[in-house]
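What follows is one structure encoded as C-alpha cells, with my remarks underneath.
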Amino acid sequence: MNWIPLRTPEELNVIQQKSFTTPQVIFKHSTRCSISSMALHRLEKEVSPANIDFNFLDLIAYRGISNAISEKFQIPHQSPQVLVIKNGKCVFDESHSYIYIDEITEEALKAS
C-alpha cells in the first residue's frame with residue numbers, strides 16, 4: 001500500500017480537488033485501537049490500485065483533521081474509518097471490521 005500522509009487541514013482541499021480526476025481514499029487510523037490495527041494490516045497486505053490515491057490519517061496525532069473531514073464531507077467520525085472521495089464528495093464510507101480493499105476499489109472505480 002502506498003500511503004500519502006495527511007497532516008494538515010489544507011491537504012483536505014487538495015484531496016477534494018484531486019478527486020475530480022483521481023478517486024481519493026482517506027483511511028483514518030487510531031494507533032490505540034486493535035480493530036484499527038487489524039483494518040490497517042488488512043489494507044497494507046494488498047497492492048494499491050494505480051488509479052486511486054490512498055491518504056493516511058493518524059487520528060491520535062491529528063485529531064483536528066479528523067474533525068475537519070467529518071465537517072467537510074458530512075460524515076460522522078468513526079475509528080477506524082475509510083472514505084472514498086470522488087468529484088469533491090464522499091461517495092462511500094465504512095468503519096471498523098467492515099473495511100475491505102475490494103469494496104473500496106469497487107466504489108472508487110464505479111462510474112459516476
Side-chain angles (χ1 to χ4, degrees):
M1 186 64 59
N2 296 319
W3 295 112
I4 301 166
L6 175 52
R7 296 187 181 125
T8 68
E10 295 76 25
E11 290 171 326
L12 286 178
N13 294 328
V14 173
I15 289 169
Q16 190 173 34
Q17 287 304 312
K18 286 173 66 178
S19 77
F20 286 93
T21 56
T22 304
Q24 301 292 305
V25 172
I26 299 173
F27 177 66
K28 295 168 39 174
H29 172 60
S30 171
T31 56
R32 297 180 185 158
C33 173
S34 61
I35 295 171
S36 192
S37 294
M38 176 195 67
L40 176 61
H41 176 71
R42 189 183 302 144
L43 292 175
E44 287 193 328
K45 70 181 188 176
E46 302 293 337
V47 175
S48 303
N51 47 351
I52 303 170
D53 289 342
F54 285 81
N55 300 276
F56 181 89
L57 176 65
D58 177 339
L59 286 173
I60 303 305
Y62 302 101
R63 177 58 193 227
I65 297 173
S66 178
N67 294 337
I69 290 168
S70 293
E71 185 176 316
K72 181 179 270 301
F73 298 110
Q74 299 298 299
I75 301 295
H77 165 76
Q78 297 204 39
S79 169
Q81 185 176 36
V82 66
L83 293 84
V84 175
I85 312 299
K86 289 176 65 177
N87 298 317
K89 297 181 176 149
C90 180
V91 297
F92 174 81
D93 73 284
E94 195 56 84
S95 66
H96 295 84
S97 301
Y98 302 102
I99 297 173
Y100 291 97
I101 192 69
D102 293 344
E103 288 181 345
I104 295 167
T105 302
E106 179 181 336
E107 293 297 327
L109 299 178
K110 189 184 288 184
S112 298

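Only heavy atoms go into these numbers, but all of them, side chains included; no hydrogens, no water, no symmetry mates.
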Worksheet item: Side chains of Thr31 and Asp58: does their closest heavy-atom pair fall under 4.5 Å?
Response: yes
Discussion item. Quiz question: by atom type and distance under 3.5 Å, do the side chains of Ser79 and Lys28 form a donor-acceptor pair?
Written reply: no
Practice prompt. Check whether Leu109 and Phe27 end up in the same hydrophobic cluster, where Ile, Leu, Val, Met, Phe, Trp and Tyr are linked by side-chain heavy atoms less than 4.5 Å apart.
Written response: yes
Worksheet item: When rounded to the nearest 0.5 angstrom, what distance separates CZ in Phe56 from CD1 in Ile4?
Response: 13.0 Å
Discussion item. Quick check for you: to the nearest 0.5 Å, what is the distance between Ile26 atom CD1 and Gln16 atom CD?
Written reply: 9.5 Å
Discussion item. Could you go through Ile65 and Glu11, starting from their C-alpha distance and side-chain angles, then the distance that decides it, and tell me whether this counts as side-chain contact (heavy atoms from CB on, under 4.5 Å)?
Written reply: CA-CA 9 Å; Ile65 297 173; Glu11 290 171 326; 5.6 Å; no
Worksheet entry | Rounded distance [0.5 Å steps], NZ in Lys72 versus CG in Asn67 | 14.0 Å
Which donor-acceptor pairs under 3.5 Å do side chains of residues 97-108 form with protein atoms, sequence neighbours excluded?
| unit_1 | atom_1 | unit_2 | atom_2 | d |
| --- | --- | --- | --- | --- |
| Thr105 | OG1 | Ile101 | O | 2.9 |
| Glu107 | OE1 | Lys110 | NZ | 3.2 |
| Glu107 | OE2 | Lys110 | NZ | 3.2 |

Fill in: Candidate pair Ile75 and Cys90, rule side-chain contact (heavy atoms from CB on, under 4.5 Å), full reasoning
CA-CA 8 Å; Ile75 301 295; Cys90 180; 3.8 Å; yes
Discussion item. Any donor-acceptor pair under 3.5 Å linking the side-chain atoms of Gln78 with those of Ser95?
Written reply: yes
Which pairs of donor and acceptor atoms, one on a side chain in residues 34-41, lie under 3.5 Å apart (sequence neighbours left out)?
| unit_1 | atom_1 | unit_2 | atom_2 | d |
| --- | --- | --- | --- | --- |
| Ser36 | OG | His29 | ND1 | 2.6 |
| Ser36 | OG | Ser30 | N | 3.0 |
| Ser37 | OG | Cys33 | O | 3.3 |

Worksheet item: Could you give all pairs that pass the side chain to side chain donor-acceptor pair (under 3.5 Å) test and reach residues 44-55, with sequence neighbours left out?
Response: Trp3-Glu44, Lys18-Asp53, Gln24-Asp53, Gln24-Asn55
Worksheet item: Does some side-chain heavy atom of Phe73 sit less than 4.5 Å from a side-chain heavy atom of Ile85?
Response: yes
Worksheet item: Can you list the steps and then say if Arg63 with His77 is a side-chain contact (heavy atoms from CB on, under 4.5 Å)?
Response: CA-CA 10 Å; Arg63 177 58 193 227; His77 165 76; 3.2 Å; yes
Worksheet entry | Test item: Ile69 and Leu83 side chains (from C-beta on) under 4.5 Å apart, heavy atoms | yes
Worksheet item: Between CD1 of Ile15 and CG of Leu6, what distance do you get to the nearest 0.5 Å?
Response: 4.5 Å
Item to complete: List the atom of Pro76, the atom of Gln81, and the distance in Å for their closest heavy-atom pair.
Response: O-NE2, 3.0 Å
Item to complete: Using modelled atom types only, decide if a donor and an acceptor are shared between the side chain of Ser66 and the backbone of Leu59 within a distance under 3.5 Å.
Response: no
